[in-house]
There are 2 protein chains.
Amino acid sequence: MLETADRRRTDTRERLLEAAERAVVAKGFAATSIDELIVDVGITKSGFFYHFKDKNALARALMLRYLAQDRDVLDGIFTRGDELHDDPLHGFLVGLKLFAEALADLPEHHPGCLAASFCYQDQLFDQDIRDMNAESILVWRRRFRARFDLIAEIYPPKEKIDLEALADMAASLVEGALILGRALKDATILPRQVLLYRDFVRAIFQP
Amino acid sequence: MLETADRRRTDTRERLLEAAERAVVAKGFAATSIDELIVDVGITKSGFFYHFKDKNALARALMLRYLAQDRDVLDGIFTRGDELHDDPLHGFLVGLKLFAEALADLPEHHPGCLAASFCYQDQLFDQDIRDMNAESILVWRRRFRARFDLIAEIYPPKEKIDLEALADMAASLVEGALILGRALKDATILPRQVLLYRDFVRAIFQP
DNA sequence: ATCTTGCTGTACCTCGGGTGCAGTTATGCC
DNA sequence: GGCATAACTGCACCCGAGGTACAGCAAGAT
């Protein structure tokens, strides 16, 4: 019957997740209807419920996907930073520079963060999804905290500093700058905040 | 018939807004039902639609209320800071200290920001509400930017610095720290971020 | 006495999230 | 070739939430 791509079986679930992430970041989970997702990927409602038993299962799958992507992106950028510089401080500063550049080059106008999007609607979700959301933040805290401990051994900061707060500052700034960027429709806010954070880190540790 | 408070007429609208703000910050606008609000304040659905023609009108009223409160709180804290110190830099630093203390003393465990809550669901709202949301961010930018310009005249920073980004950093950090605080159920994150921001501002301008 | 404000009550419509289940078709495996 | 399985479609139906449209009523203000 000349069907170009019937029985595409393998990627329908993935395409649902992609459509869902776009929609959820754009307008929130509650405002994202199953109907619009199935129109997007060209299946029926029954098809959706074949892949996800309910909307909560969709949310869980989105979070899992997001956690993995987030980890990969951070890993990629900061290992490249370290490859370009042996020293833990300067490798980190290069990593932040690369991060800012990557953010500035994002094709989307006003990107968003799934964790933040879920955060203000978290009563909609099961406890395990809220736990995953917390974990996505803790990943950042642990990553940056470990690096600062390493740096502080070599470059002890002049003044006592709350290193945990400094680590959390990275996630706070990114989440907050995404909000500002969306509200003001200004894609430059996020990379500039990252560069400012970099200035702060350098000022703290550099002798 | 011994009605304790029938015909309370005057404050029903206000009580609706209070209930709505609590619910919206807790679980998002879309997940906040009119039914729960009317149960909260003890009126009927018709009563709700007497006060607000639809949910969008409720959102608009919430934003207006929020803008006024936000302005008053910031005004109060930073004018007190300036009363305690003549110098624009040190008055500002005192203000930030007061701000951090006020945030640490908040009774609610995980407060939230209406602007952030609306931000990730903004497709639900009319354009004018999105504009008000942007305005609530610009209030912060203008306030802090003006102060930094003032400070920079007296204490020119050693290195070139993006003062607009430094101003936006305040709102970014607060919005982001609220998200982290909610996700991790840790009320100390927000005040600690504000204190860190204060350290950064001092490091930039102090000779 | 009547007007206005601040509601209540009833009835009804639509959309979105589900549930339940029977049927269909391509593919892979024996 | 036969058969199981994966990946759906189609249909029928339920519920809750956002509205719409009015008619009515009761307490104060004038």
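Just so we're on the same page: letters track the sequence lines, and every chain starts at 1.
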Practice problem: Spell out, as yes or no, whether a donor-acceptor pair under 3.5 Å connects the side chain of A:Arg130 to the backbone of A:Phe125. | Solution: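 Yes; at least one donor-acceptor contact below 3.5 Å.
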
Practice problem: State whether the side chain of B:Glu36 and the backbone N or O of B:Thr32 hold a donor-acceptor pair below 3.5 Å, judged by distance alone. | Solution: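 Flag not set: sc B:Glu36 to bb B:Thr32 has no pair under 3.5 Å.
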
Which donor-acceptor pairs under 3.5 Å do side chains of residues 88-97 of chain B form with protein atoms, sequence neighbours excluded?
residue : atom : partner  : partner atom : Å
B:His90 : ND1  : B:Asp87  : OD2          : 2.8
B:His90 : NE2  : B:Gln206 : NE2          : 3.3

Practice problem: State, without any angle test, whether B:Asp70 and B:Trp140 hold a side-chain donor-acceptor pair at a distance under 3.5 Å. | Solution: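 There is such a pair (donor and acceptor under 3.5 Å, judged by atom type) between the side chains of B:Asp70 and B:Trp140.
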
Exercise. Could you tell me whether the side chains of B:Asp186 and B:Thr188 share a donor-acceptor contact shorter than 3.5 Å?
Key: yes

Quiz item: Which of residues 118-125 of chain A sit near DNA chain D, with a heavy atom under 4.0 Å from it?
Solution: none

d([atom1], [X]; [atom2], [N]) in whole Å:
X	N	atom1	atom2	answer
A:Leu37	D:dC8	CG	P	15 Å
B:Arg13	C:dC7	CZ	P	12 Å
A:Ile38	D:dT9	CD1	P	9 Å
B:Phe52	C:dC7	CZ	C1'	14 Å
B:Tyr50	D:dA21	OH	C1'	17 Å
B:Ile43	C:dG9	CD1	C1'	14 Å
A:Arg15	D:dC8	CZ	C1'	13 Å
B:Asp11	C:dG6	CG	P	11 Å

Quiz item: Does a side-chain N or O from A:His51 land closer than 4.0 Å to OP1 or OP2 of D:dC8, or not?
Solution: yes

Quiz prompt | Residue-phosphate contact under 4.0 Å: B:Thr44 side-chain N/O, C:dC7 OP1/OP2 | solution = no

Quiz item: Does the ring of A:Phe29 carry A:Lys55 above it, NZ/CZ under 6.0 angstrom from centre and within 45° of its axis?
Solution: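 Flagged: A:Lys55 positioned over aromatic ring of A:Phe29.
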
Exercise. For the pair B:Phe205 and B:Phe148, evaluate ring pair (Phe, Tyr, Trp, His ring centres under 6.0 Å) and give the outcome as yes or no after the intermediate values.
Key: CA-CA 9 Å; B:Phe205 293 108; B:Phe148 290 141; 5.8 Å; yes

Self-check item: Base versus backbone protein contacts along nucleotides 14-20 of chain C [heavy-atom cut-off under 4.0 Å; B, S, -]
Solution: --SBBB-

Practice problem: Could you give me the CA-CA distance, side-chain angles and deciding distance for B:His51 and B:Arg13, then say whether side-chain contact (heavy atoms from CB on, under 4.5 Å) is met? | Solution: CA-CA 6 Å; B:His51 288 290; B:Arg13 196 187 132 100; 3.7 Å; yes

Quiz item: Atom CG of B:Leu62 and atom CG of B:Leu67: how far apart are they, to the nearest 0.5 Å?
Solution: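 Going from the CG atom of B:Leu62 to the CG atom of B:Leu67 covers 11.0 Å.
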
